[in-house]
Visitor: 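Quick one: the structure is below, and I'll ask about it shortly.
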There are 2 protein chains.
Amino acid sequence: MKTETISGTPVFEPALHHLHRQNWRSWLIGRPLQTADAPKQTIGKAIGLAVFASDALSSTAYATQEIMIILAAAGTGAMGYVFPISLAIVTLMVIVTISYEQTIHAYPGGGGAYIVARDNLGELPAQTAGAALLTDYILTVAVSISSGVAQITSAFPGLYAYRVGISVAMVLFIMVMNLRGVKESGKAFAIPTYFFVVTMAITVGLGFMRYMNGTLGVVLNPPEFSAGSAVAVITPFLLLHAFSSGTSALTGIEAISNGITAFREPRSKNAGITLIWMSSILATLFLGISFLSGVIHAVPSEEETVISQLARTVYGGTGILYLAVIAGTAVILIMAANTAFADFPRLGALHAGDGFLPRQLTFRGSRLVYSRGIIALAVLASLLIVLFQASVTRLIPLYAIGVFLSFSLSQTGMARRWWKSGHLKPGEEIVEPGSTITRDPHWKGKMIVNGVGAFCTFTVMIVFAITKFMDGAWIIIFLIPTLVTIFFTIHHHYKDLAGKLSLTNFHSTPRNTRQRVIVLVAGVHRGSLAALAYACSLSADVTAVHISIDDSEAQKVREKWSMYGEGTRLVILDSPYRLIIEPMMEYIGKLLQNRRANETLTIVVPQFVPAHWWENFLHNQTALMLRFSLLFKPGIVIVEVPYQV
Amino acid sequence: MKTETISGTPVFEPALHHLHRQNWRSWLIGRPLQTADAPKQTIGKAIGLAVFASDALSSTAYATQEIMIILAAAGTGAMGYVFPISLAIVTLMVIVTISYEQTIHAYPGGGGAYIVARDNLGELPAQTAGAALLTDYILTVAVSISSGVAQITSAFPGLYAYRVGISVAMVLFIMVMNLRGVKESGKAFAIPTYFFVVTMAITVGLGFMRYMNGTLGVVLNPPEFSAGSAVAVITPFLLLHAFSSGTSALTGIEAISNGITAFREPRSKNAGITLIWMSSILATLFLGISFLSGVIHAVPSEEETVISQLARTVYGGTGILYLAVIAGTAVILIMAANTAFADFPRLGALHAGDGFLPRQLTFRGSRLVYSRGIIALAVLASLLIVLFQASVTRLIPLYAIGVFLSFSLSQTGMARRWWKSGHLKPGEEIVEPGSTITRDPHWKGKMIVNGVGAFCTFTVMIVFAITKFMDGAWIIIFLIPTLVTIFFTIHHHYKDLAGKLSLTNFHSTPRNTRQRVIVLVAGVHRGSLAALAYACSLSADVTAVHISIDDSEAQKVREKWSMYGEGTRLVILDSPYRLIIEPMMEYIGKLLQNRRANETLTIVVPQFVPAHWWENFLHNQTALMLRFSLLFKPGIVIVEVPYQV
């Protein structure tokens with residue numbers, strides 16, 4: 001321990017030996033990291049792709065199937081629309097990718113929808129975008145884990161009954177990985193991500209080759225086709241509905257723009273390249289799966305996923321290669337939840353830093369991650385999984401609407417930013433919290449790109465809200481404004497508190513405040529005499545108070561006090577209704593009425609500290625109750641004097 | 001408010017105006033009652049029968065049926081044994097009644113199994129009897145309510161799906177009635193008890209008349225007879241098993257002996273007469289129902305109770321008289337739970353008074369009832385109902401074993417008491433906590449009566465434990481020793497604490513202890529300056545401590561403290577691992593090492609008091625965490641100085 005003095009103030013550096021102890025916590029999440037270690041915890045492109053792309057890539061595992069489930073209402077004839085709809089979705093994907101590539105370069109410090117909307121559109125759009133994204137991150141975890149477990153139960157139907165328990169266990173596993181810190185979780189997740197990309201690429205490639213030489217065939221023993229009893233006709237509404245379901249393929253594209261600061265320098269360049277890689281892989285796999293699923297006449301089903309049907313058709317059975325695809329898909333889906341675990345806590349900390357969420361979310365834990373955000377996400381996602389019984393089809397209508405809302409707010413913000421940039425003189429700049437705007441000669445073209453992105457994603461959101469409203473989207477449409485209201489309520493609290501605590505116009509109170517001390521005496525014993533000794537050390541004006549429920553008990557206290565009370569005054573409060581707090585409050589009320597200026601009333605309560613926590617249940621928690629009752633009365637301080645038994 | 005002085009001590013009588021306010025609490029459970037009102041809250045024989053007999057009488061609603069369910073395994077031919085088994089049970093009932101009549105006169109202050117075993121057999125048997133009884137009271141509530149709801153669903157099968165919810169709602173209703181106090185709940189329950197006795201007597205009487213003149217017939221459309229696929233033969237084990245199930249008819253007989261103090265003077269006489277009334281009614285109804293059920297070929301079933309089958313056969317349909325019987329039976333069963341609500345809290349208070357359960361159970365609430373015991377019973381019984389899905393047949397194997405254990409301990413204790421009485425000289429007496437023993441000339445006869453009672457009930461308990469072990473009795477056989485262990489652990493804690501708090505060999509500490517005060521400063525604002533002002537009023541030795549996670553923040557605190565700190569010393573604790581509690585603990589550890597004798601360390605923590613409780617979630621609860629961490633270090637007191645925002 002060294003003690004230096006900087007500008008007259010002693011600085012004390014604790015040795016913190018206890019941190020080097022091996023305990024269950026350090027075993028679970030690793031040894032604590034110093035704040036100074038922070039910059040080292042960044043990642044390159046290859047690991048960045050693994051950390052941030054698993055969400056986007058994994059949606060290929062269910063997007064095609066969700067399109068087919070909607071089209072199934074119009075019978076097998078409608079399945080011809082799967083590939084055209086997938087092409088439309090990929091077009092949208094290209095527009096969104098180009099838009100976000102621009103955002104990444106404009107916001108090297110992290111350009112999530114929240115920051116872009118805050119700097120360019122104002123607080124309300126920013127909070128809306130944030131609420132939408134936070135909601136969607138929770139759904140990402142719930143949907144990905146549920147879908148991952150569905151892959152596993154496709155291969156091992158016996159596990160179907162335990163899907164909820166397995167899903168929750170997986171959420172907790174990912175939580176622990178993330179509490180260990182971003183770099184280590186990046187390493188842990190790199191292998192599965194690349195395993196998935198490779199196995200899926202082989203499956204799609206081989207499937208395409210077999211299709212070309214005519215040996216692919218169709219699914220053998222497909223699961224039962226469960227079309228509605230009254231087969232619907234193909235309407236524009238049905239096609240838009242199917243398109244909406246497929247847009248879940250786009251979720252996760254925004255992840256990199258939120259997480260730029262996790263990349264190694266040059267951040268923007270690395271992040272931008274990673275984004276383009278990711279979108280290319282995503283588009284290729286998604287189109288390939290949609291095309292082949294149509295060719296093999298795959299059937300959408302809760303019992304066997306489309307991926308499982310495709311894999312066993314391509315490999316001609318359920319051998320080792322089939323199992324590799326299922327395992328890869330299951331693992332990437334489960335790891336996809338990791339993307340949300342990387343972003344949710346960062347976004348939560350941004351909100352909290354601006355005073356719209358509890359400040360505790362800005363606190364980084366012993367491993368330099370936002371531990372509370374990570375734990376909050378795990379708890380909320382587990383709750384959703386239990387509520388929706390780990391069913392992807394029941395969760396999917398809640399999903400994606402938030403993403404598209406944040407997409408369109410973010411792109412609108414970017415368009416506005418380019419407009420501002422175009423109206424600057426060369427050399428002039430605007431410094432905003434998230435970035436610095438300088439004049440960009442290509443502002444018009446960039447504004448059009450982001451404007452088109454904003455228009456398209458907004459349109460998709462409206463389509464989604466209308467076609468999926470009854471399926472569950474209404475929950476999100478109700479939830480997001482509620483969250484925004486809560487955020488502003490929290491913000492109001494912090495602003496209000498800061499004003500009230502401010503030292504502007506502060507006049508210091510005169511010193512030497514007079515202390516009036518009350519000691520609460522339930523019985524005369526070593527504990528209450530320890531409290532009396534403490535009270536006497538505070539002030540010469542000490543009064544002991546006993547609340548009498550039983551006359552004979554009061555008489556005993558009176559006698560003992562005359563022996564041990566060191567001459568302090570004893571007041572007995574009669575309690576005919578056997579209450580403790582109420583007579584005390586009334587007595588204190590009287591004292592406060594007669595209080596002199598600058599007199600502080602201190603109430604000393606003896607408190608046993610038993611050897612075991614459960615022993616507290618064997619005692620009245622009078623001090624605790626008194627504390628609650630007196631909390632709102634100014635000028636009173638309660639002191640519990642612990643007596644270690 | 002008047003302030004008198006008795007033997008030099010001021011006695012302060014609070015006006016307690018607030019107690020006369022009409023609030024939701026007084027609306028729900030009535031206005032508070034003074035301790036001095038207590039003796040008025042007693043009851044006469046007629047209301048006493050209603051309060052204490054509903055448990056015993058209501059068992060006629062299921063005892064016959066539970067005998068039949070066991071015999072059903074051997075086919076309809078075995079039903080001929082229902083009446084002989086019922087006769088055996090009534091014989092046992094007579095023995096137990098005579099035994100308890102003697103107990104009531106020997107223990108006018110309340111002679112439950114707990115007191116009798118404690119005074120005559122010692123602590124271990126007493127705690128065992130108490131544990132058995134407490135368990136059984138909880139089961140009484142669960143079984144009675146479930147059976148009551150089963151009567152209702154016999155008449156209205158549509159409600160079957162809601163039986164668990166209805167059952168829990170009823171438990172809560174009875175809880176509220178009991179929180180209002182014994183007299184008022186007695187009134188509320190008198191009408192249904194007598195309504196049941198009268199309707200059931202009419203049913204049995206009319207049934208017997210119709211049997212005599214040959215017009216009774218058999219049940220029309222009986223529920224399906226669900227005998228096991230492999231029909232068992234009639235073995236002695238099966239008959240004993242059926243007998244065990246039927247002994248549930250005896251539960252509740254002990255209720256009066258526990259509750260003697262609730263009776264008006266002369267207590268013992270009133271209570272004894274009530275006991276004999278109760279047993280006579282019980283035996284008559286039980287035998288009548290068992291006899292008629294055999295005659296009409298009633299079928300044991302979960303869908304329609306035997307009572308329902310009997311009533312519609314006797315009245316020839318489901319008209320108004322049938323509904324009256326069903327309503328009366330349902331209501332008495334639900335009210336039977338009230339008996340447990342009258343006794344469980346009293347017994348809990350006895351245990352707690354002897355230091356075997358938390359002391360809080362001895363506290364009488366605003367209506368002079370043991371509120372906490374009442375609430376605990378309601379919570380535990382509701383839990384059982386939910387766990388066993390309100391099924392009487394699944395609950396019954398847990399039931400009655402505790403009652404018979406307490407019966408045999410109580411009777412053994414009584415036999416021992418008569419033996420002691422017989423060995424006293426005339427005029428000599430032994431004063432025990434529960435009663436005073438004098439020489440009784442008839443001690444031999446009385447000892448034989450209680451001895452026979454003890455032997456019979458002990459035998460029945462063993463039979464019950466063996467025949468019902470696999471059905472669920474093992475839970476109770478495991479639970480009772482566990483409870484006894486817990487009781488003794490609690491007792492050990494209280495004894496240990498009393499020893500450590502005792503003032504024997506106490507030497508008072510020297511006065512004028514030196515105060516060393518630390519103020520925890522997270523930031524410099526009105527809240528922390530209020531804490532500083534308080535700290536300065538305690539001592540001249542004040543040090544402010546700031547824990548630095550962020551250097552720029554620490555610099556700000558340093559500058560502001562030089563302006564507002566009133567010259568007190570500021571120490572900055574560097575926290576490279578972003579922890580708050582650990583560096584503080586280490587600093588305090590250092591101070592404690594250098595502490596002088598009689599120096600107390602007081603840590604002052606500023607604490608916001610927000611206007612709304614939920615706002616607390618928006619702040620770090622540093623004071624709270626510090627309190628937990630420092631609880632076990634002697635010589636440190638934490639003071640939270642509230643700052644009302």
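Proteins get letters first, then strands, A, B, ... in listed order; numbering begins at 1 in each.
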Visitor: Working to the nearest 0.5 Å, report the span between OG of B:Ser502 and CZ of A:Arg526.
Guide: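 If I round to the nearest 0.5 Å, the distance is 6.5 Å.
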Visitor: Let me check something: any side-chain donor-acceptor pairs from residues 600-608 of chain A under 3.5 Å, sequence neighbours excluded? List them with distances.
Guide:
residue: A:Thr602; atom: OG1; partner: A:Gln515; partner atom: OE1; Å: 2.7
residue: A:Thr602; atom: OG1; partner: B:Tyr534; partner atom: OH; Å: 2.6

Visitor: Among B:Leu357, B:Ile490, B:Thr489, B:Leu532, which has the most heavy-atom pairs under 4.5 Å with chain A?
Guide: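 Sorted descending by pairs with chain A, the first entry is B:Ile490.
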Visitor: So, using salt bridge (charged side-chain N to carboxylate O under 4.0 Å, His left out) as the criterion, who are the partners of B:Arg516 when residues are at least two apart?
Guide: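 Counting only residues at least two positions away or on another chain, B:Arg516 forms a salt bridge (charged side-chain N to carboxylate O under 4.0 Å, His left out) with B:Asp541.
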Visitor: Heavy-atom distances under 4.5 Å only: say whether A:Val524 touches chain B with side chain, backbone, both or neither.
Guide: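 For A:Val524, backbone and side chain are both near chain B.
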Visitor: Which answer fits A:Ile636, side chain, backbone, both or neither, if we ask what part of it has an atom under 4.5 Å from a heavy atom of chain B?
Guide: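 It is the backbone, since no side chain atom gets that close.
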Visitor: Looking only at non-hydrogen atoms, find the nearest pair between B:Ile638 and A:Val639 and report the distance.
Guide: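 The pair with the smallest heavy-atom distance is O-CG1, 4.5 Å.
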